Amino acid sequence: PSRPRPKVILVIGGPGSGKGTQSLKIAERYGFQYVSVGELLRKKMIHNATSNRKWSLIAKIITNGELAPQETTITEIKQKIMKIPDANGIVIDGFPRDVGQALSFEDQICTPDLVVFLACTNHHLKERLQKRAEQQGRPDDNPKAIDRRLTNFKQNTIPLVKYFQERGLIVTLDADRDEEEVFCDISMTLDNKLF
Ligand code: UP5
Ligand code: MG
């Protein structure tokens with residue numbers, strides 16, 4: 001008999017809400033494959049920015065804290081997912097960012113089994129990103145780009161949350177708490193809703 005299609009979990013939330021941290025924990029606990037869309041795009045842009053005009057433009061966009069073009073993003077995700085061997089599940093970190101991307105994902109890839117929204121106050125988002133900027137510093141962890149990422153999140157991702165709510169696909173969790181508490185909620189939710 002053919003295997004069922006892997007479960008697909010999307011993790012969304014503001015910049016610094018803990019998407020990466022929690023998605024990795026999900027992947028580890030459930031044996032799911034982890035896909036970070038931000039990382040996919042950053043790797044690709046670092047590789048191609050000097051030799052390719054499209055990617056040098058995307059590098060500028062991302063470094064400024066704006067969104068890469070939708071079709072490029074979907075194409076990258078599709079390619080990545082196709083390379084994944086048999087998996088029970090896939091956890092996608094940081095995608096979609098707006099309703100348009102969600103529609104396109106469903107159209108071209110699949111309907112997610114569950115969307116996890118990490119709700120975090122602006123105060124905590126900024127504090128965490130500033131702290132990370134001091135320690136490692138991503139190209140987009142500068143004050144201007146952080147502000148743009150926060151604005152983008154409010155403008156585009158909040159309507160997306162509403163869209164998933166209306167379809168009964170999303171669970172909203174309080175991500176202001178410490179990592180372990182947040183993950184405890186996530187795993188209870190996944191145990192309930194997916195298995
Ligand atoms: N931390 C985590 N959880 C904590 C907790 N509970 N308490 C205290 N500290 C906590 O966490 C951020 C920091 O906080 C870390 O230092 C962590 O230790 C600590 P992290 O797990 O990294 O949060 P995350 O939500 O992943 O933050 P990130 O900065 O990665 O979010 P962004 O949404 O900004 O980044 P992403 O990589 O998803 O996207 C980056 C850019 O890529 C976008 O701005 C955009 O330009 C581009 N992009 C697209 O164009 N399209 C896409 O579809 C996706 C990305
Ligand atoms: Mg991240």
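This structure is a prediction, so every number in the text was calculated from the model and none was measured. Whatever order the structure lists ligands and atoms in, that order sets their numbers, starting from 1.
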Colleague: Counting each atom of ligand 1 from 1 as listed, which ones have a heavy atom of D178 under 4.0 Å away?
Modeller: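 What qualifies from ligand 1 is 6 (N).
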
Colleague: Is there a heavy atom in R42 that sits closer than 4.0 Å to ligand 1?
Modeller: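 Flag set, R42 near ligand 1.
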
Colleague: Could you tell me whether the side chains of D140 and T63 share a donor-acceptor contact shorter than 3.5 Å?
Modeller: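 The answer is no; no qualifying pair exists.
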
Colleague: So, E106 and T111: side-chain donor and acceptor under 3.5 Å apart, yes or no?
Modeller: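 Side-chain D/A pair, E106 to T111: present.
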
Colleague: Considering non-hydrogen atoms of the protein only, which is the closest contact for atom 7 (N) of ligand 1, and what is the distance?
Modeller: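 It is R128 NH2, 3.5 Å.
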
Colleague: How close does the nearest protein non-hydrogen atom get to atom 49 (C) of ligand 1, and which residue and atom is it?
Modeller: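 That would be L41 CD1, 3.5 Å.
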
Colleague: For atom 27 (O) of ligand 1, what's the nearest protein heavy atom and its distance?
Modeller: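 Ranked first by proximity to atom 27 (O) of ligand 1 is G16 N, 2.9 Å.
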
Colleague: Is ligand 1 under 4.0 Å from a heavy atom in the side chain of I62, in the backbone, in both, or in neither?
Modeller: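 Looking at I62 and ligand 1, atoms from backbone and side chain both fall under 4.0 Å.
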
Colleague: State, without any angle test, whether Y34 and D93 hold a side-chain donor-acceptor pair at a distance under 3.5 Å.
Modeller: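 Checked: Y34/D93 side chains pair up, N/O donor to acceptor below 3.5 Å.
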
Colleague: Who gets closest to atom 22 (O) of ligand 1 by heavy atom: K19, Q101, R132?
Modeller: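 The nearest heavy atom belongs to R132.
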
Colleague: Out of curiosity, is G14 lining ligand 1, as in a heavy atom under 4.0 Å away?
Modeller: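 The answer is yes, since G14 has a heavy atom less than 4.0 Å from ligand 1.
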
Colleague: Is it true that E181 lies under 4.0 Å from ligand 1, counting heavy atoms only?
Modeller: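 Per 4.0 Å heavy-atom rule, E181 does not contact ligand 1.
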
Colleague: What's the shortest distance from atom 55 (C) of ligand 1 to any protein heavy atom, and which residue and atom give it?
Modeller: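 Heavy-atom neighbour on the protein nearest atom 55 (C) of ligand 1: R97 NH1, 3.8 Å.
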
Colleague: Assess L118 for proximity to ligand 1: is some non-hydrogen atom of it under 4.0 Å away?
Modeller: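 So L118 does not count as touching ligand 1.
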
Colleague: Hey, can you tell me if F195 and F32 have their rings parallel, tilted or perpendicular (30° and 60° cut-offs)?
Modeller: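 Plane angle between 30° and 60°, so tilted.
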
Colleague: Looking at ligand 1, is there an atom of it that comes within less than 4.0 Å of some heavy atom belonging to G13?
Modeller: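 Distance cut 4.0 Å: G13 fails for ligand 1.
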
Colleague: Would you mind telling me which of V116, I170, L118 makes a side chain to side chain contact (heavy atoms under 4.5 Å, CB included) with I12?
Modeller: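 By the side chain to side chain contact (heavy atoms under 4.5 Å, CB included) criterion, I12 pairs with just one of V116, I170, L118: I170.
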
Colleague: Taking only Lys NZ, Arg NE, NH1 and NH2, and the carboxylate oxygens of Asp or Glu, determine whether D141 and R128 approach each other closer than 4.0 Å.
Modeller: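 No.
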
Colleague: Only heavy atoms of G94, strictly under 4.0 Å: list the atoms of ligand 1 that pass.
Modeller: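 In order of number, 52 (C), 53 (O), 54 (C).
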
Colleague: Decide whether the shortest distance between a heavy atom of R138 and an atom of ligand 1 is less than 4.0 Å.
Modeller: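 For ligand 1, residue contact (heavy atoms, under 4.0 Å) with R138 is present.
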
Colleague: For atom 18 (O) of ligand 1, grab the closest protein heavy atom and report residue, atom and distance to one decimal in Å.
Modeller: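 Among all protein heavy atoms, the one nearest atom 18 (O) of ligand 1 is E179 OE2, 4.2 Å.
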
Colleague: Do D147 and K144 sit within salt-bridge range, that is, some charged N less than 4.0 Å from a carboxylate O?
Modeller: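 No, no charged N to carboxylate O under 4.0 Å.
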
Colleague: With heavy atoms of T73 as the reference, note each atom of ligand 1 found under 4.0 Å away.
Modeller: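 Counting from 1, the qualifying ligand atoms are 53 (O).
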
Colleague: If you have a sec, work out which protein heavy atom is nearest atom 23 (O) of ligand 1 and how many Å separate them, to one decimal?
Modeller: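 Closest protein heavy atom to atom 23 (O) of ligand 1: G18 N, 3.1 Å.
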
Colleague: Is it true that the NZ or CZ of K19 lies under 6.0 Å from the centre of F117's six-membered ring and within 45 degrees of the ring axis?
Modeller: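 Relative to the ring axis of F117, which defines the angle, K19 lies outside at least one limit.
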
Colleague: In the protein, which heavy atom is nearest to atom 20 (P) of ligand 1, and how far is it?
Modeller: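 Answer, as residue, atom name and distance: T21 OG1, 3.6 Å.
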
Colleague: When you measure from atom 44 (O) of ligand 1 to every protein heavy atom, which one gives the shortest distance, and what is it?
Modeller: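 Answer for atom 44 (O) of ligand 1: R149 CG, 3.6 Å.
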
Colleague: Testing the 3.5 Å rule here: is there a donor-acceptor pair between the side chains of Y163 and D98?
Modeller: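 No, because no side-chain N or O of Y163 sits under 3.5 Å from a partner of the opposite role on D98.
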
